[in-house]
Amino acid sequence: MALPVVKLGTLAVKTFSKPIANRIKKQATHHPKFRQFIINLAQANHRFTTQIQRRIYGRATDVAIRPLNEEKAVQAAADLAGELFVFSVAGAALIFEVQRSSRSEARKEELRRQELEAMKRRDEELAREVELLRQRVEELDRLANGRGLTEGFRGDS
């Protein structure tokens with residue numbers, strides 16, 4: 001029962017994170033310091049991805065890469081920031097779910113260990129009881145042999 005609720009909660013968190021991601025995108029385009037930061041980030045990302053693409057397609061990599069114009073850079077970085085936020089929320093939800101599952105498994109394992117210990121203790125108790133009963137039977141046999149009553153106890157005829 002708890003698992004569907006957790007999954008539903010995880011889905012809700014991811015769904016609610018998308019408007020927050022959109023808000024981050026909007027702020028990225030308006031806030032001057034953040035805007036410059038994301039422009040620099042977008043340009044670095046553009047240079048990196050362009051170099052990777054050139055290597056993949058076997059083109060020259062020592063060629064100068066033209067920077068993105070400011071608006072494209074802002075839009076690309078804002079999209080990247082929004083996607084990173086959604087991805088981070090999803091990653092955090094995944095980590096939470098794995099930890100929750102791990103704790104649940106640890107509790108189950110502890111219960112199994114305790115049950116096994118209880119069964120071992122019960123087995124040891126039963127072994128002691130059997131040993132006590134064996135000693136009593138031997139004692140009764142000795143007493144019966146001493147009085148000549150073995151035929152009645154053992155059925156030796």
Problem - salt_bridge(E124, R121) N-O dist < 4.0 Å - result: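 A salt bridge is absent here (no side-chain N lies under 4.0 Å from a carboxylate O).
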Checking [X] now: which residues fulfil side chain to side chain contact (heavy atoms under 4.5 Å, CB included) with it, not counting sequence neighbours?
X	result
E139	R142, L143
D123	none
N40	Q36
K120	L116, E117

Suppose clustering is done on Ile, Leu, Val, Met, Phe, Trp and Tyr with side-chain heavy atoms closer than 4.5 Å. Which residues sit in the same group as [X]?
X	result
I56	F48, I52, Y57
F87	none
L111	none

Handout entry: Listed once per pair and sorted, the side chain to side chain donor-acceptor pair (under 3.5 Å) pairs that draw on residues 101-112, sequence neighbours left out
Key =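 Qualifying pairs, neighbours excluded: E109-R112, E110-R113, E110-Q114.
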Problem - Where at least one partner belongs to residues 49-59, residue pairs that pass salt bridge (charged side-chain N to carboxylate O under 4.0 Å, His left out), sequence neighbours excluded - result: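 As it turns out, there is no salt bridge (charged side-chain N to carboxylate O under 4.0 Å, His left out) pair with a partner in residues 49-59 once direct neighbours are skipped.
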Problem - Donor-acceptor contact present, side-chain E70 to main-chain I39, <3.5 Å - result: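 Checking the backbone N and O of I39 against the side chain of E70, no donor-acceptor pair under 3.5 Å is found.
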Practice task
Using the test salt bridge (Lys or Arg N to Asp or Glu O under 4.0 Å), find all partners of R122 that sit at least two apart in sequence or belong to another chain.
Solution key: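 By the salt bridge (Lys or Arg N to Asp or Glu O under 4.0 Å) rule, R122 matches E125.
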Exercise for the section: For Q51, check side chain to side chain donor-acceptor pair (under 3.5 Å) against everything at least two apart and list the hits. Expected result: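 Q51: no side chain to side chain donor-acceptor pair (under 3.5 Å) contacts found.
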Problem - For Q135, side chain to side chain donor-acceptor pair (under 3.5 Å) partners two or more places apart - result: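 E131.
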Nearest-0.5 Å distance that lies between atom [atom1] in [X] and atom [atom2] in [Y]:
X	Y	atom1	atom2	result
H46	L68	NE2	CG	4.5 Å
M119	L126	CE	CG	11.5 Å
I38	Q43	CD1	CD	11.0 Å

Exercise for the section: State, to 0.1 Å, how close A73 and A42 come at their nearest heavy-atom pair, and which atoms those are. Expected result: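 Nearest heavy atoms, A73 then A42: O-CB, 3.2 Å.
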